[in-house]
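Within every chain, numbering begins at 1; the chains are lettered A, B, ... in the order of the sequence lines, protein sequences first and strands thereafter.
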Amino acid sequence: MSLTPGSGWRLIAVLIAAIVVLPVVALFGFALQGSVGLWSHLFRNVLANALTQTVILLCGVGIIVALLGTVTAWLIAGFDFPGRRVLGWALLLPLAVPTYIVAYAYLDILHPIGPVQSLIRNVLGYSSPRDFRLPDIRSMTGCIILLGFVLYPYVYLPVRALFATQAANMLEASRTLGAGPLRIFWRVVVPLARPAIAAGMALALMETLNDIGAAEFLGVRTLTVTVYSTWLNRTDLPGAAQIALVMLLVVIALVVMERAARSGQVYASGSRRQVPLARVKLGGVAGLTAMAVCLIPVLIGFVAPATYLIHQAWRRYQFAGIPERIWTETWQTAVLAMSATVIAVCLGMLVSVAPRFSSGPVTRAAVRLSTLGYALPGTILAIGLLPVIIFADRQISAVLGWFMADAPQLILLGAGAGMIYAYVARFLAIAAGGIEAGMTRVPASFDHAARSLGRSPSGVFRQIHLPLSRASMTAAGLLIFVDCVKELPATLLLRPLNVETLATHLYGEAARGTYEDASIAALMIVFIGMIPVVLLSGRIRV
Amino acid sequence: MNIKILVAAGLGVAFQSAPLAAFSDEINLYTTREPKLVEPLLDAFSEETGIEVNTIFLKDGMPERVEQEGEASPADILMTVDIGNLVDLVDRDLTQPVDSAVLNEAIPANLRDKDGNWFALSLRARALYAAKDLELDSFKYEELSDPAWKGKVCIRSGQHPYNIALTAAYITHHGAEETKAWLEGVKANLARTAGGGDRDVARDIMGGICDIGIANTYYVGLMRSGAGGPEQEEWAKAMKLILPTFEDGGTQVNISGAAVAKYAPNKDQAVQLLEYLVSDEAQKIYADANFEYPVKAGVEVNPLVGEFGELQIDSTDLTEIARERKAASELTDEVGFDN
């Protein structure tokens, strides 16, 4: 590597990309150990259906999150109506509820013998569910609606932030030119928000693709579920690795297409002055309608499942008290999530800035690669990660062996570093994406000015990029923290002896079918998840 | 909040819990059994012997983790459910043979590896749950595909290990062709998409979604015991359990079991734990905590389990069933059972 300015940054970008790429390389290793015999069976019997289900699920969830996220963000940012202040942050709350918990909760709430249908039967005068019942929630439709109403904040958050700051002048301009609200929405709001919508949708759809718990529970057979049965029932890890890599290719193709679609568009606004958008006051029916539109996602995505959990947890508390170990687990969960968040945000910051100092293709490729982790199902990532971390452990033990006779082994894995590695590799995409979006608002002229005034690249980084990215770093960090608290599959596989997080506790109970025992842990996850969500809403108050 | 302090604290917590495999008064247990199920047993063992048991509850990927950890693995005992998983551990060379008179005497020969690589610790049967008012006293697995049950059957995913084992057992009785036809018939009889858990079968029967379903025996014990709360007692009251059989055989059973890890740092203590687990006392705890059938002859079943009637175990060799797993999984895909 030559010592031109910026080669240090290129090295940093490559090293960070390596963190994410190494497990994928290991997966390639696994994939190569098997034959491709599996594929003829898959093509004949499985893929058509799994692909169709996956595509339907992704389209359905995509449409719901885009619509809900954009419309609510636009209403909150552009209008004044009853309840706007509270709804502005309440709309973020579904982020705190893991999708698998939502699925469990709604199956209970909407089951023929659950509260809703019992009430309906009472009102209509039916005595038994055999005489009258509603369609089963365990269906593609049910899965799409539930995931959509839980994942829409991934779109709402960036779109609202966009409206709150840089989009304001253009919206003002279109208003002064006499455009009506609907016209503004379709002609100005949507095109303007497209990158933010796309970025949010990408996150929501990758969450959907990764979801095992909810989809399997609701009887939807996606590609991810197929990977699982291949691996577990046929003890065919190479086959599963092959499917996972093909899925990864599909995701990469989607990301490349999305980038190509908006190449050449520059979104850095000319004005650095942040003009808040003047909100249009909505009264009467219009105001109430706006309120209802923003209230419904909150009710479905958060209030109903949270109320259900509180109710269940309360009954459980009366029945058996609070399990002692929940406090240890809460502490372990929070500490692990916090450590991973700090690391992921730091690395995300470095990766977002690197292209500014080193514009070569190597850096660009490294930056793209570093966000791949989010596209891999958690367990698959964890499997790929095992050889990587254990290799590192072997080297450490070998070095220690020079100094002591009985060198400890598997130090990193035993200390929980494997888990943190997995969190960082998975959620680096959120950090990099969020911070990069923030950085696009820092024009390159700032860098040039600072450089011509004699600042080194790292000086520019410290004195310009870091301070200007503080808001987007915080936002990304809070999102990552929530995701780490909810993370299950990698935690389950990579944690050391005697370490439980709230999610693994919950899973242990749910796997036995003792959901009610898990309700206190589930509620705890939601509570911890809510803290950053509330903080986050303060950060981007409009 | 000071992030440095938090990170330092985090590493502190993590290091404290790092296993100290060299000490011989503890052993390390990797288990796919849920913590609540094994804790009472491990606590009783620790109390009796003074040996601490460090556990990690893993689900998918236990063999992969142990394999990768290699000689450095702290694992002493690998505990899991389903014969397929146990055979898999042996095939991947992750276990070591144990020659223990105590184990060989307590566990019938067909419920342990002939070379001592794995040992069954408990049994459960794949049973029929039926609406209580159905006039039904006996049942054959073959009848599940009878068109008389059209739109009346509930079951979890066909790819779930419990169902794969049942399908694999069906193959050993009837061959692949007939099994495929049977699976198609069962699929045509489904009242809802295959999915959810075993307990959902009971709840869905109460909810009127289905009349019959297939699920494991121990869930009924758990529900009827009230350990799952009053609602689940209601679900269990709305159904009755029938132990089905194959036309030319008995009831399909599966096992939970354990093996000593190949590189177990504390092998002697590990064997000690296994021997404890087949003691009368532990078998009783096992049977009462999770309502499974004990493997050891002469140990009483829990009274709630006794109500199911006498269990006539199908005589097919468990390892033979394990061998048909892959075929069962592929057939399940071929008929689109879960779609």
Side-chain angles (χ1 to χ4, degrees), chain A residues 41 45-46 49 107 111-113 128-130 133 136 138-139 216-219 221 228-229 231-235 237 315 319 331-332 335-336 338-339 342 379 382-383 386-387 390 393-394 397 406 409-411 413-416 492-493 495-499 504 507-509 511-514 516, chain B residues 3 6-7 9-11 13-15 17-19 22 28 34-37 54-61 64-65 68-70 72-74 84 88 157 159 161 164 192-200 203 206-209 219 222 227-229 231 325-326 328-330 333-334 336 338-339:
Chain A
H41 168 79
N45 304 305
V46 181
N49 181 67
L107 182 55
H111 195 272
I113 55 173
S128 153
R130 281 170 199 273
R133 60 167 197 269
D136 200 344
R138 282 165 293 195
S139 63
E216 200 184 10
F217 200 66
L218 298 173
R221 297 272 304 166
Y228 269 69
S229 38
W231 167 31
L232 297 175
N233 287 335
R234 305 187 193 137
T235 22
L237 179 62
R315 286 178 41 184
F319 190 65
W331 171 242
Q332 285 176 340
V335 167
L336 283 166
M338 190 51 98
S339 318
V342 170
T379 314
I383 292 280
L386 269 173
I390 286 170
D393 266 330
R394 293 237 163 84
S397 290
D406 208 4
Q409 300 191 306
L410 299 180
I411 293 180
L413 196 64
L492 206 52
L493 184 63
R495 69 198 200 287
L497 285 155
N498 299 336
V499 170
T504 60
Y507 182 79
E509 299 288 3
R512 278 177 75 203
T514 43
E516 60 296 320
Chain B
I3 283 164
L6 263 181
V7 173
L11 290 176
V13 168
F15 271 108
S17 48
N28 304 313
E34 293 80 17
K36 281 268 182 73
L37 296 184
N54 301 310
T55 52
I56 174 165
F57 161 61
L58 296 160
K59 202 70 195 180
D60 311 329
E64 280 80 6
R65 174 158 172 177
Q68 292 294 329
E69 287 176 344
S73 175
D88 187 34
S157 160
Q159 291 290 3
I164 289 296
R192 57 160 168 82
T193 325
D198 273 10
R199 240 176 271 232
D200 288 312
R203 176 160 61 160
M206 184 175 170
I209 294 175
Y219 289 108
L222 280 169
E231 270 175 21
R325 254 188 348 153
K326 181 165 181 278
S329 173
E330 291 186 350
D333 275 344
E334 279 174 35
D338 289 342
N339 301 340

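Looking only at distances, a side-chain donor or acceptor of A:Ser339 sits under 3.5 Å from a matching main-chain atom of A:Val335. A donor-acceptor contact shorter than 3.5 Å links the side chain of B:Asn28 to the backbone of B:Pro74. Within the 3.5 Å criterion, the main-chain N or O of B:Ser329 finds a donor-acceptor partner in the side chain of B:Gln159. In this structure a side-chain-to-backbone donor-acceptor pair under 3.5 Å is present from A:Asp393 to A:Leu413.
Contact record, A:Arg315 with B:Glu231: NH1-OE2, 3.0 Å, taken as the closest heavy-atom pair. When every heavy atom of A:Pro129 is checked against every heavy atom of B:Gly208, the shortest pair comes out as CG-N, 4.4 Å.
Within the 4.5 Å cutoff, the side chain of B:Thr55 has heavy atoms near those of the A:Asn498 side chain.
Atoms CZ and CZ, from A:Arg495 and B:Phe57 in turn, are 7.0 Å apart once rounded to the nearest 0.5 Å. Taking CG of A:Leu218 as the start and OG1 of B:Thr193 as the end, the distance is 9.5 Å to the nearest 0.5 Å.
Considering only heavy-atom pairs separated by less than 4.5 Å from chain A, the leading option among B:Glu334, B:Met206, B:Arg65, B:Glu69 is B:Arg65. Contacts with chain B were tallied for A:Ser139, A:Gly219, A:Pro387; A:Pro387 has the most, counting heavy-atom pairs under 4.5 Å. Put simply, of B:Lys36, B:Arg203, B:Lys59, the one with the most heavy-atom pairs under 4.5 Å next to chain A is B:Arg203. No other option in B:Ile209, B:Ile164, B:Asp200 has as many heavy-atom pairs under 4.5 Å with chain A as B:Ile209.
Looking at B:Arg192, only its side chain comes within 4.5 Å of chain A, counting heavy atoms on both sides. Only the side chain of A:Ile383 comes within contact range of chain B, with heavy atoms under 4.5 Å apart. The contact between B:Leu222 and chain A is made entirely by side chain atoms (from C-beta outward), counting heavy-atom distances below 4.5 Å. The contact between B:Pro161 and chain A is made by backbone and side chain atoms together, counting heavy-atom distances below 4.5 Å. Interface remark: B:Leu58 contributes backbone and side-chain atoms alike to the contact with chain A (heavy atom separation under 4.5 Å). In this structure, chain A has heavy atoms under 4.5 Å from both the backbone and the side chain of B:Ala72. Heavy atoms closer than 4.5 Å to chain B are found in both the backbone and the side chain of A:Arg138. With a 4.5 angstrom heavy-atom cutoff, A:Ile390 touches chain B only via side-chain atoms. No part of B:Asp198 comes within reach of chain A, as not one of its non-hydrogen atoms sits under 4.5 angstrom from that chain. For a residue to count as touching a neighbouring chain, one of its non-hydrogen atoms must lie under 4.5 Å from one of that chain's; by this rule B:Asp88 touches chain A with the side chain only. If you measure heavy-atom distances from A:Arg221 to chain B, the contacts under 4.5 Å come from the side chain alone.
Atom NZ of B:Lys326 has 12 or fewer neighbouring heavy atoms from other residues, nucleotides or ligands inside a 6.0 Å radius.
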